[in-house]
Amino acid sequence: MSKKAKNNAMSENKESQKLFALTGLFDTPDEIMHAASAASKKYRKYDVHTPYPVHGMDDAMGLGESPIGWCTLLIGTSCMLMMLGFIAWVSLVDYPLVWAGKPYFSLPGYIPILFEVTVLTGAVSTVLILFFIVSGFPNNNHPLHDTPYMQRTSDDKFGLCLEAADPNFNEADAKGLLEKMGAKNIQPVYYEKAEADAGLSLTHPAFVSFLAFVIVGVSGAAYFGLNRMVFMVPFNYMSVQGRAVAQEKNNIFKDGRSMQKPVAGTVARGLLPYPFKLDDQIKAQAEAGKYLSNPLPRTEAVFELGKTQFDSKCSACHGYYGEGDSRLNGKFPAPPTLHSKKVSEWTDANIYHVITEGQNVMPSYAKQLTRDERWAVVHYIRALQRSLKPKETDLQ
Amino acid sequence: MQVANRPSSDALNSDGTIKDFAVEPSVVLKSPSLHDLTEVISRPIEAKATLKWYIALAVSASLLMLEMVCWGISFYYGSGMWGNNIPVAWAFPIVNFVFWIGIGHAGTLISAILFLFRQKWRNGIARFAEGMTIFAVMCAGLFPLFHTGRPWLPLYLMPYPNKHAVWVNFLSPLVWDVFAVSTYFTVSLFFWYTGLIPDFATLRDRTLGKDLISKIKKSVYSVLSLGWRFSNRHWRHYERVYLILAGLSTPLVLSVHTIVSFDFAVSGLPGWHTTIFPPYFVAGAIFSGFAMVVTVLVFIRYIFDMQHLITVETLEKMNKIILLTGTIVGYAYGMEFFIAWYSGNLIEQFTFINRAFGPYAWAYWIMISCNVISPQMFWFRKLRRSVPIMFVISIFVNIGMWFERYVITVTSLARDFLPSSWGWYNPTLVDFGLLLGSFGMFFTLTLLFVKFMPVVSIAEIKSVMDEAKPSHHGGDH
């Protein structure tokens with residue numbers, strides 16, 4: 001507003017104001033093309049203002065092709081490569097996981113993301129470069145703003161603006177050129193006083209401290225706010241949701257328990273029901289001997305397992321070496337030795353049956369020892385028996 | 001109406017209404033001057049809002065309120081308020097997401113692809129369609145955000161160094177989707193804003209009043225225009241940037257719906273796991289998007305009396321594209337059936353027979369009649385040029401395309417491999433509220449956009465007028 005008034009009243013304080021440029025308006029694109037060609041021969045600092053991009057104006061002004069496409073290419077490609085490097089680092093170094101049987105680094109699956117990153121960074125950086133670097137925006141303090149010249153060139157006229165900063169600039173010559181080319185409304189445009197002095201810059205202390213205040217404030221608020229937020233409804237639904245605790249009352253089920261019994265006939269993993277359960281123990285033991293054999297190999301690990309289990313569960317009565325020397329001091333009937341002829345002649349399965357089902361006063365150890373542990377104990381008993389009656393070949 | 005210091009325009013009567021006038025670069029009924037164009041395009045922004053606009057805004061804003069309430073319910077109580085459940089865990093939210101993303105694609109197609117093909121008829125509707133893209137993507141984006149269950153943690157979708165020490169799975173189509181949709185939104189926004197800057201500058205220079213409202217308006221336009229000066233030293237780069245953005249947006253728009261289709265196609269579900277999905281989805285997106293553009297253009301044209309800006313010729317060209325893409329979509333439906341038969345895969349065959357004749361047959365046949373049969377009306381020039389008929393058909397196409405996504409998503413999930421795991425999907429009231437409300441959001445944003453921003457690119461439409469070209473240079477155009 002003030003500038004328009006200023007321009008109307010410029011004659012009074014002409015001396016106090018610095019000239020920015022001499023401007024003239026043209027009616028048709030043809031006229032402005034001729035005028036631009038003429039101006040380009042004499043001046044470097046001049047500009048053409050048109051309501052739309054006039055084709056051929058770049059040639060008339062002697063400007064080459066815009067190089068901005070190279071920025072797009074460079075930034076898009078380098079960001080794509082950076083993203084590729086980042087994905088490679090994540091997939092190979094920091095977080096290597098096999099997804100759907102694919103190799104750690106599988107390029108075809110990254111193509112969509114690489115493409116999107118290229119387009120995103122290319123497009124965004126091009127627009128930012130155009131407006132903030134090439135055009136020097138935001139700039140609402142330019143002398144041309146709010147002049148009748150700008151109001152017409154943004155609507156329907158074509159303007160030529162010869163700037164005073166050009167070394168060849170001379171007000172009379174410039175006016176002559178505009179008149180010769182048929183310009184109308186030839187008018188000088190002046191700097192506003194405030195503009196002639198330096199305006200606010202990005203390094204101004206007030207701006208910098210404002211920025212610092214905003215950064216500290218926003219990050220502090222975000223940190224404390226977010227840390228509080230996760231404990232508030234509804235954000236805490238996942239951490240405080242109702243759940244069934246094993247020994248607690250639960251209204252979902254009829255019997256009011258959280259922990260439900262398995263369905264009848266359920267078989268636990270690795271535990272097949274033992275089939276040789278008969279009233280006649282002798283017969284059952286013989287049946288087991290007929291149909292079962294030790295599935296475990298005689299390896300060091302198996303003997304280790306057998307020894308651990310024998311020492312912790314069997315040795316209290318049978319003694320560490322199976323000799324029946326119970327450590328219970330007669331408080332419990334001591335079992336017969338495992339080195340007897342009878343036990344030596346039993347098959348592995350016969351011993352296994354006794355451990356599983358019990359015999360006489362010995363109870364079943366099926367609950368204390370898993371199937372594999374029982375077979376390992378059988379191997380260990382065999383080793384104990386052999387240790388008291390070694391064969392000559394054992395010396396080798 | 002006439003502001004001092006502004007020349008009068010032949011295009012306007014003394015009371016500000018528009019005389020006989022049409023902007024159609026290829027079909028100019030009355031050649032307007034550059035000033036006439038500025039006046040006519042700025043008029044809805046500068047004139048007082050009409051009663052029709054207020055009524056339309058009231059209706060769409062009420063629907064927007066409905067959506068806000070439903071989002072509030074979904075936010076507070078969680079996604080259990082929707083009908084999604086096993087086996088149909090992807091239901092309305094994903095259907096609505098794909099539907100709205102598809103709507104957006106027409107905008108980019110008009111602004112970028114038709115720009116590269118130098119289709120001048122696009123100028124009257126390009127800005128509008130670009131705006132529509134942005135609003136449609138905004139409507140779409142909310143659905144997957146809430147579908148994650150914890151919409152306040154969208155940052156988990158992004159690969160960022162976090163205390164959990166995990167990274168996103170770069171091989172997952174859902175992660176591709178995050179990248180594609182956010183890129184699409186950002187680039188569309190930049191494209192749109194780049195085009196708007198000279199027009200904001202024009203509006204800035206037209207706002208000359210001394211009252212407070214005018215001063216505020218002028219400041220807003222000054223900030224938005226960034227101080228654009230119409231300098232040819234800027235235009236030179238600006239035009240190149242616009243071309244680059246169009247060039248980048250063209251493969252982008254194809255990639256976005258391709259990746260959206262990957263969400264389905266990369267899974268192993270019968271009816272989803274097909275290679276035809278990317279082209280089929282892209283064609284469907286353009287189809288539904290153009291139908292939505294026609295619906296909204298006819299509507300806006302009525303609300304703002306823009307018959308002079310949005311001409312029947314333009315709408316007719318839109319209808320031709322609807323006919324083309326509708327036929328492609330119909331071909332894809334047929335081809336899906338053919339491949340199911342030709343593959344010899346029993347489960348695949350069952351899926352398609354189940355779609356057409358199973359419990360969701362009603363949805364399938366709504367889709368077929370709306371998408372395949374109704375656009376065939378546009379073979380006839382008379383129907384193609386009739387505004388009421390195109391309005392009805394475009395609404396049919398929108399309904400049909402929504403049902404296409406419904407059929408794909410729900411029928412495949414409801415009955416997959418094992419009959420023991422089959423199920424049924426029942427949407428809840430919140431689901432319907434969100435669907436209806438998203439239209440409220442879309443139309444509210446559109447109405448505000450048309451009222452407060454130039455709905456036709458002032459600078460661009462001037463550049464394609466015959467008088468705009470310098471005679472000794474422009475022989476080749």
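By convention in this document, chain letters (A, B, ...) are assigned in the order of the sequence lines, proteins followed by strands, and residues within each chain are numbered from 1.
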Could you check B:Phe179 against A:Met83 for side-chain contact (heavy atoms from CB on, under 4.5 Å), going step by step and ending with a plain yes or no?
CA-CA 12 Å; B:Phe179 276 86; A:Met83 190 68 192; 3.8 Å; yes
Would you please test A:Phe86 and B:Phe170 for side-chain contact (heavy atoms from CB on, under 4.5 Å) and show each step?
CA-CA 11 Å; A:Phe86 168 65; B:Phe170 291 108; 3.7 Å; yes
Are B:Val187 and A:Val119 close enough, and set up right, to give a side-chain contact (heavy atoms from CB on, under 4.5 Å), and what steps lead you there?
CA-CA 8 Å; B:Val187 172; A:Val119 169; 4.1 Å; yes
Show your working on side-chain contact (heavy atoms from CB on, under 4.5 Å) between A:Gln151 and B:Arg204 and close with a plain yes or no.
CA-CA 9 Å; A:Gln151 280 151 17; B:Arg204 171 199 70 200; over 6 Å; no
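Looking at A:Ser106, both its backbone and its side chain come within 4.5 Å of chain B, counting heavy atoms on both sides. Proximity to chain B (any heavy atom under 4.5 Å) is restricted, for A:Lys102, to the side chain, taken from C-beta onward. Interface remark: A:Tyr46 contributes backbone and side-chain atoms alike to the contact with chain B (heavy atom separation under 4.5 Å). Proximity to chain A (any heavy atom under 4.5 Å) is restricted, for B:Ile244, to the side chain, taken from C-beta onward. Residue contact with chain A, scored on non-hydrogen atoms closer than 4.5 Å, is absent for B:Pro173. For A:Glu65, the parts lying near chain B are the backbone and the side chain together; criterion is any non-hydrogen pair under 4.5 Å. For A:Met61, the part lying under 4.5 angstrom from a heavy atom of chain B is the side chain only.
Partners of B:Phe262 by ring-ring contact (aromatic ring centres under 6.0 Å, His included), not counting sequence neighbours, listed by chain and number: B:Trp176.
Between the B:Arg206 side chain and the A:Asp155 main chain, no donor and acceptor come within less than 3.5 Å of each other. Formation of a donor-acceptor pair under 3.5 Å by the B:Trp235 side chain with backbone atoms of A:Thr50 is found in this model. A donor-acceptor pair is defined here as one N or O able to donate and one able to accept, closer than 3.5 Å; no such pair exists between the side chain of B:Arg233 and the backbone of A:Val48. A donor-acceptor contact shorter than 3.5 Å is absent between the side chain of A:Asn139 and the backbone of B:Gly227. Between the B:Thr202 side chain and the A:Ser154 main chain, a donor and an acceptor come within less than 3.5 Å of each other.
A heavy-atom distance below 4.5 Å is not found between the side chains of A:Leu120 and B:Tyr184. Considering only heavy atoms from C-beta on, B:His237 stays 4.5 Å or farther from A:Ser135 through its side chain. Within the 4.5 Å cutoff, no side-chain heavy atoms of A:Tyr52 are placed close to those of B:Ile458. Counting heavy atoms from C-beta outward, B:Ser225 and A:Phe137 have side chains that stay 4.5 Å or more apart. Between A:Val127 and B:Phe191 there is no side-chain heavy-atom pair separated by less than 4.5 Å.
Within residues 151-161 of chain B, the residues that have a heavy atom under 4.5 Å from a heavy atom of chain A are B:Trp152, B:Pro159, listed by number. Near-neighbour residues of residues 193-200 of chain B relative to chain A, defined by a heavy atom under 4.5 Å from a heavy atom of that chain, comprise B:Thr194, B:Ile197.
In summary, the aromatic rings of B:Phe75 and A:Phe235 are positioned with their centroids under 6.0 Å apart. In this structure, A:Phe131 has its ring center at least 6.0 angstrom away from the ring center of B:His234.
The choice from B:Leu252, B:Thr186, B:Val223 that makes the most heavy-atom pairs within less than 4.5 Å of chain A is B:Leu252. Between chain A and the residues B:Ser463, B:Ser231, B:Gly149, B:Ala459, the most heavy-atom pairs under 4.5 angstrom are made by B:Ser231. With chain B as the partner, the residue from A:Thr153, A:Thr126, A:Thr72, A:Ile87 showing the most heavy-atom pairs under 4.5 Å is A:Ile87. Heavy-atom pairs under 4.5 Å with chain B were tallied for A:Gly69, A:Ala100, A:Pro112, A:Pro67; the largest tally goes to A:Pro112. Between chain A and the options B:Leu245, B:Val166, B:Asn169, the largest number of non-hydrogen pairs under 4.5 Å is found for B:Asn169. Of the listed residues (B:Thr38, B:Leu171, B:Val178), the greatest number of heavy-atom pairs within a distance under 4.5 Å of chain A belongs to B:Leu171. For the options A:Gly109, A:Pro53, A:Pro138, heavy-atom pairs under 4.5 Å to chain B are most numerous at A:Pro53.
Residue-environment remark: CZ (A:Phe132) exceeds the threshold of 12 foreign heavy atoms within 6.0 Å.
Using a 3.5 Å distance cut-off with no hydrogens or angles, the side chains of A:Asp47 and B:Asn232 do not pair a donor with an acceptor.
Sorted by first and then second residue, the pairs that involve residues 83-92 of chain A and meet side chain to side chain donor-acceptor pair (under 3.5 Å), not counting sequence neighbours, are A:Ser91-A:Tyr110.
Rounding to the nearest 0.5 Å gives a distance of 9.5 Å between CG of A:Asn140 and NZ of B:Lys218. To the nearest 0.5 Å, the span separating CG on A:Asp156 from NZ on B:Lys462 amounts to 7.0 Å. In this structure, NE2 in A:His145 is found 8.0 Å from CG in B:Asp205, a value given to the nearest 0.5 Å. Here CZ of B:Arg229 is found 3.5 Å from NE2 of A:His142. Values are rounded to the nearest 0.5 Å.
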